[in-house]
Amino acid sequence: MEFLFLILSTSIFMSLIILLATVAFILWPQALSGKTRYIIWIIILIGLIVPFRPIWGNGLFQIETPFPQSEINLPVTEEITLTDEHSKTSNNQVAVKNETALPEKPMTTAGSDMVAVSSAPKSGFSLSIVSIILLIWAIGAIFSFSRHLYSYYQFRKMVKRWGVPVTDLATLELFDIVKEDMGLQRKNIQLIQCTSITTPMLTGFLKPTILLPNKNIEADEMELIFEHELTHYKHKDLYVNLLGTLAVSLHWFNPIVYFCYPSIQGDGEVCCDEAVLSNRDLDYRRFYGEVIISMIERNNTKQVAFSTCFYAKKLNIKRRLFAIMETNKRRKTISFMAIGLILTLIIVSGSIVAFGAPSSNNYIGVDAAKTIALNDAGLAPSEAIFIKAKLDTDLGVKVYDIEFYSGNTEYDYEIDAKTGVIRERDFDIANFVIPAPNTNTGNTQNNNAALIGTEKAKAIALADAKLNADQVTSLKAKLGTDDGIQVYDVEFFSGNTKYDYEIDAKTGKIRDKDVEVKKNAPAQNNNNNSNAPLIGVEKAKAIALADAKLNANQVTFLKAKLDTDDGVQVYDVEFYSGNTEYDYEIDAKTGKIRDKDLDIENFNIPAPAPSNDNTALIGVEKAKAIALADAKLNASQVTFLKAKLDTDDGVQVYDIEFYSGNTEYDYEIDAKTGKIREKDLDVENFNIPTPAPGNDNTALIGVEKAKAIALAHAGLNANQVVFETAKLDTDDGVQVYDIDFKAGQVEYDYEIDAKTGNIRDFSKEIDD
């Protein structure tokens with residue numbers, strides 16, 4: 001309930017602050033700069049999203065809530081005597097008096113101390129009015145935010161379909177010049193032209209992208225547009241839009257929050273205009289205004305969620321034009337005072353009104369809270385071991401945190417410190433029995449006596465690694481718990497190898513170990529040895545087996561394939577022996593072990609079934625036929641995107657993927673039995689184009705041609721780069737070549753049309 005009224009009070013007070021700021025901006029439009037107004041709006045957005053405020057005293061005004069705090073009936077007693085098992089004295093008893101008495105339930109005796117605790121049938125939760133209102137608010141907030149997310153998803157999907165990377169060299173050169181002038185030359189910001197938009201905009205949190213309409217834009221206008229959108233990027237305006245969306249979603253019931261949102265976006269544009277026009281003359285400002293006015297005729301779309309627009313709202317155009325032509329400097333003192341006033345109002349708003357039910361100023365006490373928790377759990381004091389019982393604060397409300405064990409169950413309660421209402425309860429049935437505390441001094445060392453000790457654990461780990469203490473560094477061991485079992489975590493280094501052991505603290509058995517060869521700098525001779533022959537997968541398997549001191553008859557291989565890591569060709573070799581999994585990464589040219597990992601599992605890996613060979617495979621054509629039959633389609637009705645042999649969880653499968661109309665079908669079929677292991681149907685919002693006749697591999701430009709196109713675009717030659725990927729792939733039903741390579745610390749990523757040779761996508765990133 002407190003959270004509900006916290007949201008409500010925040011919405012009310014922030015609405016008053018929004019109205020105050022709006023009126024001030026209207027009455028004194030020239031008093032504050034666009035930057036100052038934008039900062040004030042950002043502070044207001046944060047105030048809307050974070051409802052918690054410091055509270056001094058009980059508030060200037062106290063409003064009693066019209067709803068009861070809970071529908072739970074609490075058992076109370078006329079007099080309760082509680083003996084805490086953790087008390088150091090046997091006479092530590094507390095009496096708690098209440099007005100209502102309930103029938104008493106006799107309890108067990110412990111020594112000479114009599115323990116009497118009343119009980120009542122445990123009542124379950126019932127759905128209160130507050131719970132219903134809270135549920136409605138949560139559904140509204142989730143729906144509102146999901147609607148914005150879906151809108152953004154649809155927009156990105158449209159851009160992916162209709163957008164193409166800008167390839168005009170003059171435009172790209174101008175873009176690089178503007179980025180360098182603004183100190184953004186190292187930032188990977190994409191430039192895409194899209195036929196479905198009418199105004200330039202910035203979008204993309206993870207991959208920032210400037211979108212340009214498919215129109216003829218003069219070079220001087222284009223330079224201004226680039227500077228404007230890159231200023232949005234520097235100001236982090238996409239994240240301000242995210243804050244605005246969160247605020248609108250949390251306060252979806254408040255029309256004032258909707259009312260202020262366009263003003264926030266408008267002042268964001270004015271702030272951006274001011275930054276672009278800083279130290280510019282009147283002629284440039286006039287030209288800037290003319291470009292904005294020219295966008296009025298071009299623009300016919302609404303603002304897209306999580307994006308910025310060069311031009312978005314006609315209602316803001318007049319204010320922006322006035323601000324553009326304004327050259328007077330504002331006084332910083334007034335700006336600081338305005339920002340300070342808004343901050344002060346937001347901070348003190350939590351102490352103006354206090355919501356809550358009437359209650360006594362006195363707390364019920366920790367012992368009474370423990371009794372309430374025990375009664376609710378149906379336990380006697382002698383049946384529980386208290387771990388925690390303390391006064392705390394939750395969402396500005398004083399509560400008692402009560403935590404105790406009984407048998408193998410952990411009980412965790414949060415009880416209102418004034419009313420005794422159970423605000424929250426949690427029962428956790430553990431997988432082990434919590435030992436009762438030792439009451440006899442003669443048994444106090446029973447548990448610790450069974451532990452082997454850290455020195456013994458270190459010795460076990462060193463012996464297994466065939467090392468002594470003089471050969472290792474950073475040797476440390478600490479006692480911990482894993483799955484309820486006490487273990488020693490032992491860790492040390494030897495050379496460039498890190499050893500990590502988990503040893504049972506009582507038996508000394510090694511439960512888990514990990515040996516990791518730390519990688520040094522990338523091999524210096526990688527380019528020089530580019531023509532060196534590969535050792536072959538069988539040789540790599542033999543190297544791994546020799547290091548593991550095993551032979552082929554003792555293991556079950558799961559994986560042995562050629563791969564690339566940090567630009568170096570390696571063999572990934574993975575196998576099981578008994579209940580231990582071995583994972584190796586071996587240099588494909590030198591045979592050096594670059595990384596290895598040993599993982600001791602808690603189960604035995606079953607031996608593979610006999611006749612595990614390719615002669616038993618059904619074949620890819622049969623797999624395609626099975627998928628088509630299940631989809632009730634024939635080959636002439638579909639476009640195949642993928643049909644290949646793969647491995648899933650150690651089982652050979654065929655991955656079959658195809659389109660029919662606007663539906664994508666994805667099948668995983670057992671390569672031996674033909675059984676459909678998994679299928680997925682995805683109905684898209686656009687039609688997949690039917691491939692043109694004669695659409696075969698003979699028309700493809702070839703991977704070497706694709707690499708040459710990428711290198712020419714990057715202005716590099718083959719001996720200056722290291723290729724990481726060069727393969728034929730499919731994107732949205734179009735065959736493309738994925739070309740990735742490095743030149744020094746710069747990583748290039750190209751997607752090239754496999755038939756036309758056009759560059760569909762391009763990115764350049766400096767690898768730190």
Sequence neighbours excluded, the answer for salt bridge (Lys or Arg N to Asp or Glu O under 4.0 Å) partners of K234 is none
Candidate list I40, L345, I256, test side chain to side chain contact (heavy atoms under 4.5 Å, CB included), partner I17, passing option = L345
Heavy atoms from other residues, nucleotides or ligands near CZ of F143 exceed 12 (cutoff 6.0 Å) = no
Would you check if the distance from the ring center of F25 to the ring center of W41 is below 6.0 Å?
-> yes
Sorted by chain and number, sequence neighbours left out, ring-ring contact (aromatic ring centres under 6.0 Å, His included) with F145 holds for none
Quick one: which of T333, L341, I339, I334 gives a side chain to side chain contact (heavy atoms under 4.5 Å, CB included) with M337?
-> T333
Does a sphere of radius 6.0 Å around NZ in K388 hold more than 12 heavy atoms from other residues, nucleotides or ligands, not counting ones at 6.0 Å or beyond?
-> yes
Hey, is K35 close enough to E274 for a salt bridge, meaning N to O under 4.0 Å?
-> no
Who are the side chain to side chain contact (heavy atoms under 4.5 Å, CB included) partners of W28, not counting sequence neighbours?
-> A24, A31
Between F741 and Y750, how do the two ring planes meet: parallel, tilted or perpendicular, split at 30° and 60°?
-> parallel
Who passes side-chain hydrogen bond (donor to acceptor under 3.5 Å, both in side chains) against E403, sequence neighbours left out?
-> none
Got a sec, which residues hit ring-ring contact (aromatic ring centres under 6.0 Å, His included) with Y239, two or more places apart in sequence or on another chain?
-> F205
Salt bridge check: are R425 and D412 linked by an N-O gap of less than 4.0 Å?
-> no
Are N254 and S11 linked by a side-chain donor-acceptor pair shorter than 3.5 Å?
-> yes
Pi-cation contact, Y233 with K236 (under 6.0 Å, within 45°) = yes
Is atom CZ of F287 surrounded by more than 12 heavy atoms (other residues, nucleotides or ligands) closer than 6.0 Å?
-> yes
Who passes salt bridge (Lys or Arg N to Asp or Glu O under 4.0 Å) against R156, sequence neighbours left out?
-> none
